[in-house]
Amino acid sequence: MEKLEKYRNFVEKVIVKYAQFKPSNGNIEVQEVLDRERDRYLLLNVGWDNKHRVQRCVLQIDIKNGKIWVQQDSTEIGIANEFIEMGVPKEDIVLAFYSPYRRQYTDFAVS
């Protein structure tokens with residue numbers, strides 16, 4: 001349970017950090033979705049850029065079976081690297097945006 005709570009705090013810290021970066025164009029709201037009950041975490045950009053609707057998932061992270069599952073990562077640095085810097089071992093990070101077949105070729109967990 002201690003590991004789960006630590007991972008929840010790490011994920012929330014990353015989401016809150018990136019929520020500070022507001023898009024420079026348009027009237028875009030940055031939304032944090034932190035669902036500890038289901039261990040689902042999102043960072044969304046929602047709004048309007050001139051006449052165009054913006055609905056973009058910047059980050060989507062789940063915690064499943066004691067591992068951090070990076071479902072979507074639109075950051076430049078790659079949030080998996082930030083989790084490693086926080087002390088999360090690579091075998092506890094799943095790059096879920098890769099197909100299960102391709103994950104075996106990464107240094108991270110397959111599932």
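- A salt bridge links R36 with E12: the distance from a Lys NZ or Arg NE/NH1/NH2 to an Asp or Glu carboxylate oxygen falls below 4.0 Å.
- Rounded to the nearest 0.5 angstrom, I61 CD1 and W69 CH2 are separated by 14.0 Å.
- Between K3 and D92 there is a salt bridge, since a side-chain N of the basic residue sits under 4.0 Å from a carboxylate O of the acidic one.
- Remark: side-chain polar atoms of R40 are not paired, donor with acceptor, to backbone N or O of D62 under 3.5 angstrom.
- In the model, T106 has no side-chain atom that pairs as donor or acceptor with a side-chain atom of Q104 under 3.5 Å.
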Checklist line | side chain to side chain donor-acceptor pair (under 3.5 Å) between E82 and Y18, worked out | finding: CA-CA 12 Å; E82 294 195 36; Y18 281 95; 2.3 Å; yes

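- With hydrogens and angles ignored, the 3.5 Å screen pairs no side-chain donor or acceptor of N50 with any backbone N or O of H52.
- N45 places no side-chain N or O within donor-acceptor distance of the main-chain N or O of V30, the cut-off being under 3.5 Å.
- L4 CG to K67 NZ: the interatomic distance, rounded to the nearest 0.5 Å, is 14.5 Å.
- When every heavy atom of G47 is checked against every heavy atom of I28, the shortest pair comes out as C-CD1, 4.1 Å.
- Between the K90 side chain and the I84 main chain, no donor and acceptor come within less than 3.5 Å of each other.
- Within 6.0 Å of atom CG in N25, more than 12 heavy atoms from other residues, nucleotides or ligands are found, so the atom counts as buried in its surroundings.
- Ionic pairing of D39 and K64 is not present here: no N-O contact between side-chain nitrogen and carboxylate oxygen is shorter than 4.0 angstrom.
- Heavy-atom minimum distance, Y7 versus G66: CE2-O, 3.5 Å.
- Under the 4.5 Å side-chain criterion, counting only non-hydrogen atoms from C-beta, V88 is in contact with F10.
- Side chain of N9 to backbone of E5: a donor-acceptor contact under 3.5 angstrom is found.
- R103 places no side-chain N or O within donor-acceptor distance of the main-chain N or O of A109, the cut-off being under 3.5 Å.
- The environment of K22 atom NZ is dense: over 12 non-hydrogen atoms of other residues, nucleotides or ligands sit within 6.0 angstrom.
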